Structures are given as structure tokens and as C-alpha cells.
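Chain letters run A, B, ... following the sequence lines, proteins first and then strands; every chain starts at 1. Since this is a predicted model, take the numbers as computed values, not measurements. Basis for what follows: all heavy atoms, side chains included, without hydrogens, waters or symmetry-related copies.
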Amino acid sequence: MRRFALVDCNNFYCSCERLFRPDLKRVPVVVLSNNDGCIVARSPEARALGIGMGVPLFKVRETVRRHNVRVFSSNYALYGDISARVMQTLERFSPDLEIYSIDEAFLDLSGVASPVAYGQEIRATVRRHVGVPVSVGIAPTKTLAKLANYAAKRFAETGGVVDLSAPHKQRRLLAITPVGEVWGVGRRIAASLQKLGVTTALDLARMEPRRIRRRFSVVLERTVRELNGESCIGLEAMPAAKKQIVCSRSFGEKLTGYAEVRQAVCEFAARTAEKLRREELLARMVHLFIRTSPFDGSGPGYSNAATGTLPCPSADSRAILALVTRLFDDIWKDGCRYAKAGVMLGDLCSPDQVQPDLFTAGDDQDRSDRLMRAIDAINHSGRGKIWFGGQRPQTDWFMRRAHLSPAYTTRWECIPEVC
DNA sequence: TCTGGGGTCCTAGGACCC
DNA sequence: TCTGGGGTCCTAGGACCC
């Protein structure tokens with residue numbers, strides 16, 4: 001029988017913050033989104049205080065103060081490194097592993113004789129080697145494995161491992177699970193389903209797949225089939241090539257000046273170009289957007305975007321910056337309090353798929369590659385940065401990160417000392 | 001005062017082709 | 001008054017995920 005395991009780290013960001021801070025055990029901890037805006041991770045103690053997921057910090061200030069909740073800015077250097085260690089550990093348990101997100105992976109466990117014992121071993125090993133707690137959900141389809149994991153987290157008596165291989169167990173769990181908890185059913189679809197009288201995962205599983213396809217989409221039809229044990233979503237062990245690359249930020253404070261916003265936008269453009277080169281891809285399409293905050297009543301609301309095409313697919317920061325500054329002038333409007341901007345690269349391709357431009361082929365391409373490689377090397381050397389005119393890296397418009405923990409595992413000066 | 005960022009996939013509709 | 005049928009491609013927008 002086909003069998004998937006979903007291994008998911010328990011409130012991952014909080015667990016990472018606790019790794020080097022034993023004093024944070026059993027106390028409420030929350031981690032904030034970029035710019036210290038919303039709460040994106042909560043320890044069980046924080047959840048018990050009624051602090052919701054995705055809530056803006058300022059709305060729960062009082063609770064945070066009264067219960068001395070420990071607050072952290074997001075520290076992606078730390079989370080990314082811990083994530084890599086978890087995934088490395090998981091690789092030992094199955095040759096077929098799909099890294100689904102920073103804190104989750106699907107494993108192919110087909111052929112494993114006693115899945116529950118195996119799941120317990122996975123848990124214990126990650127705990128011992130990396131130090132973060134994980135939950136394991138096992139089932140014949142990915143959607144059911146997600147649900148099994150949900151149960152493993154929710155019900156302490158499961159010991160953190162749930163095996164839904166047996167159909168009667170699947171039904172029992174589906175019957176008590178709200179339909180909105182199903183993977184692929186978001187707020188909107190859950191609301192539409194409610195109107196049809198579908199409130200539990202079991203109700204959804206009992207719907208006629210073809211009817212769901214007509215009324216909703218082929219995506220939800222697959223979900224229905226998966227809930228019934230028919231595997232429709234395979235394991236993707238090879239990470240697919242990226243289709244777009246984005247860099248966008250809310251500003252630490254609202255910006256009104258042409259020059260400041262332009263600098264921010266140029267910085268985003270340079271960052272996307274850098275990511276593009278790291279992926280060894282070229283881009284043809286460049287998209288820029290700027291907007292005011294929808295929550296800001298003190299100025300005119302404005303949101304605009306522009307898209308441009310590079311004459312020839314490129315990963316050269318200069319070409320991308322030139323296009324972005326042109327697009328910027330097209331959409332810039334005076335007198336607004338800008339809250340956010342972003343650059344998106346699309347229509348990506350690998351260098352060997354490209355028909356070289358008759359006029360820039362050869363030497364120019366080679367010079368561009370060498371220049372970009374040199375820039376990236378300098379910027380990653382840790383010995384200072386260089387950038388293009390127009391860019392202004394990490395100054396006052398940059399993110400607020402008032403509660404940042406040290407990069408314990410990725411910077412020499414942050415490594416904890418044991419006395 | 002303070003409301004994240006980075007992705008994917010699907011669908012509908014329009015433009016265009018023969 | 002009558003105005004085809006079958007396609008493809010692109011884009012915008014909406015839904016979802018973590």
C-alpha cells in the first residue's frame with residue numbers, strides 16, 4: 001500500500017527560539033512576521049492565553065504585557081539553518097522526501113512494516129539530533145497525512161504520531177474535523193461549503209467528486225478523492241524550477257519622497273536579481289508595484305503596478321534595475337504615504353534555453369556574468385557590500401526588527417558559550 | 001503609532017488564428 | 001433578418017498554501 005508520512009515541526013519558529021534559551025521552556029513565546037507586524041508563531045502557552053494566529057501585535061499588547069509573553073522578531077537566518085538540519089535528519093528515514101515548507105516534509109513510507117513505531121523513531125531522532133519537537137501523520141494520501149498530523153498535534157494521547165492507514169480510523173477522524181482544517185480548503189471555500197451543509201471533513205469526503213468539480217474546481221475534486229484514500233497528489237522529491245521570484249516589503253515607516261521610495265524599489269530589484277542568479281535562472285518579465293496602506297486613513301489611497309519585458313532574458317542587475325526605474329517613473333504619484341513596494345521577476349528560463357541576442361551575445365554576456373559573479377562574491381564574503389547607484393541597502397525604510405534573537409548557528413560572534 | 005512575505009495553481013475572458 | 005466552430009495563448013484575478 002502507498003503510504004505517506006507528513007513530518008511537521010511543532011510551532012517551529014518558537015521551538016527554534018527556545019533551542020538556545022532553556023529559560024523559555026513552558027513560558028508563553030510568540031514570533032512576529034517581518035516588520036514586527038503580526039504574530040506568526042505561538043508556543044502552546046501563548047495559544048492558551050487566547051493569542052490568535054496572524055493577529056497584529058498591537059491588538060494583543062495588553063495580554064503580552066500582563067502575562068509577560070516573550071516576543072521575538074523573525075530570525076530567518078536561524079530558522080533556515082535549523083530547518084536544514086531537520087531535513088538532513090529526515091533524509092535518513094526515507095530516500096523519497098519532499099521538503100514542503102520550512103518546517104514540513106512528506107516522506108514516502110510505502111513498505112514500512114510498523115509505521116507507528118517508525119514515526120516514533122523519527123520523532124525521537126529529530127529531537128535528539130536537532131532539538132525541536134515534531135509530529136508525524138501517516139496515511140495513504142497526502143491530504144489524509146496532513147489530517148493525521150493535525151490529530152497528532154491536537155491530541156496529546158497520540159504521542160505525536162498518528163497512523164491513518166485503516167479506513168475506519170480515517171472516518172472517525174474526518175467525522176470530528178471541521179472542513180476548514182482540510183488541506184486545500186481555505187476560508188472562502190469553507191464558507192461556500194457550509195452553505196451546502198458541508199461542515200465536517202467527512203461531509204466533504206462524502207460529496208460526489210464530479211459535482212464538486214462543477215461547483216468548485218478540479219483542485220477541490222482532488223481533495224475529495226484524497227480524503228477517500230485515492231492518492232492524486234504525488235511526492236515531488238525534485239524541487240520544481242521556480243516560476244517567479246519576488247522581493248517585497250512593508251516599510252518600517254511610511255515613505256513619501258520620490259527618492260526614498262525609488263531607492264527602496266532599486267534595492268528590491270537588486271535582491272531579486274541576486275536570487276535569480278543563485279537559482280541560475282534568467283528572467284524576461286519584470287513587475288513592480290507600490291502602494292499605500294489600506295489601513296491608513298490619513299492620506300489618499302493609491303496602488304499601482306507596471307510590468308515590463310527585458311529585450312533579452314537576463315540576470316544582470318543593471319538591466320533589471322534600469323527597467324525597474326523606468327517602470328517606477330511610470331507609476332510614481334506624489335503626495336502619498338507609501339507603505340509597501342515590491343519587485344517580481346517572471347517568465348524565468350535557464351540560460352541554456354535562451355536564444356542569445358545577436359548584438360549582445362558572446363563577449364558582452366561573458367563580461368556581464370563575470371561582473372555579477374564578482375559582485376555576489378563580494379557581497380557574500382562578509383567583508384562589506386557593494387551596490388549600484390540608486391540602491392540604498394537596509395536604511396531607515398527597512399524592516400523593524402526590535403526583538404531579534406542572535407543568529408546562534410550562522411554567525412561566529414553569536415555562538416553561545418557554555419561556561 | 002503599530003496589520004508579513006513568498007510562492008503555486010486554476011479559471012474566465014479576451015484577442016487572435018484558420 | 002441573418003452573423004461558425006474550434007482552437008491557442010495570454011492576462012488578471014482569485015483561491016490556496018506555509
Side-chain angles (χ1 to χ4, degrees), chain A residues 6 8-13 30-41 52-62 64 71-76 79-80 83 98-106 142-143 146 149-150 179-193 212-223 232-233 236 239-254 268 271-272 275-276 279 284-285 287 289 291-298 303 305-307 309 337 339-348 398-403:
Chain A
L6 174 66
D8 190 324
C9 302
N10 301 351
N11 32 78
F12 181 57
Y13 296 172
V30 297
V31 177
L32 304 177
S33 63
N34 274 339
N35 224 14
D36 290 350
C38 299
I39 286 165
V40 295
M53 183 68 174
V55 178
L57 175 63
F58 73 89
K59 288 193 176 167
V60 290
R61 276 269 186 236
E62 187 48 32
V64 166
V71 177
F72 289 91
S73 303
S74 30
N75 182 348
Y76 284 101
Y79 312 151
S83 170
E98 175 187 343
I99 298 174
Y100 179 69
S101 76
I102 193 164
D103 71 335
E104 292 168 77
F106 287 101
K142 283 172 134 185
T143 305
K146 271 273 190 188
N149 194 288
Y150 162 81
V179 70
E181 297 292 339
V182 174
W183 191 39
V185 178
R187 268 226 319 277
R188 303 300 290 267
I189 290 179
S192 305
L193 286 170
I212 289 292
R213 184 187 198 133
R214 252 181 290 123
R215 183 83 165 61
F216 296 89
S217 72
V218 63
V219 183
L220 197 62
E221 180 194 7
R222 272 199 291 263
T223 302
C232 305
I233 308 171
E236 283 166 37
K242 279 204 189 330
K243 296 185 175 165
Q244 61 177 22
I245 287 175
V246 180
C247 181
S248 71
R249 287 282 180 287
S250 296
F251 304 131
E253 48 207 64
K254 305 282 182 289
F268 300 154
R271 298 283 272 273
T272 54
K275 288 191 203 177
L276 189 62
E279 300 282 334
R284 202 188 317 252
M285 198 272 289
H287 181 85
F289 71 87
R291 64 168 173 81
T292 58
S293 166
F295 307 103
D296 183 0
S298 66
S303 170
T307 304
T309 309
R337 289 161 42 83
K340 184 172 178 175
V343 171
M344 242 176 265
L345 304 181
D347 210 349
L348 309 183
F398 211 72
M399 287 193 277
R400 257 192 309 275
R401 295 210 286 186
H403 313 279

For A/R337 and A/T292, the nearest pair of non-hydrogen atoms, with its separation, is O-CG2, 3.3 Å

Watson-Crick/G-U partner (both atom distances under 3.5 Å) of B/dT11: C/dA12

Flag side-chain contact, heavy atom, 4.5 Å: A/R249 against A/N35: no

For the C1' atoms, the ones on B/dC2 and on C/dC18, what distance do you get once it is rounded to whole angstrom? 24 Å

Do the non-hydrogen side-chain atoms of A/L193 and A/F216 ever get within less than 4.5 Å of each other? yes

With rounding to whole Å, what would you report as the distance between C/dC17 and B/dT3 at their P atoms? 25 Å

Ring stacking, A/F58 with base of B/dT3, under 5.5 Å and under 30°? no

From the candidates B/dG4, C/dC17, B/dT3, the one with an atom nearest any side-chain atom of A/K254 is B/dT3

Counting any heavy atom closer than 4.0 Å, what does A/Q244 reach on the DNA or RNA strands: base, sugar-phosphate only, or nothing? base

Along DNA chain B (nearest heavy atom to each residue), the more 5'-positioned of A/I245 and A/R222: A/I245

Taking the minimum atom-to-atom distance to the side chain of A/F295, which one of B/dG4, B/dT3, C/dC17 wins? B/dT3

Give the nucleotide from the list B/dG5, C/dC17, B/dG7 with an atom nearest to the side chain of A/V246. B/dG7

Look at the side chain of A/V218 and decide which nucleotide, out of B/dT3, B/dC10, B/dG4, has an atom nearest to it. B/dC10

Quick check: on DNA chain B, is the nucleotide nearest A/F216 upstream (toward 5') of the one nearest A/S248, or the reverse? Name the residue that is more 5'. A/S248

Considering every strand and a 4.0 Å limit on heavy-atom distances, what is the contact class for A/R187: base, sugar-phosphate, or nothing? sugar-phosphate

Establish, with yes or no, whether the OP1 or OP2 oxygen of C/dC16 is under 4.0 angstrom from a side-chain nitrogen or oxygen of A/K146. no

State which of B/dG4, B/dC2, B/dT11 makes the closest approach to the side chain of A/S217. B/dT11

Using a heavy-atom cut-off of 4.0 Å across all strands, would you classify A/L32 as base, sugar-phosphate, or nothing? nothing

Go through B/dT3, C/dC18, B/dG7 for me and flag the one nearest to the A/K275 side chain. B/dG7

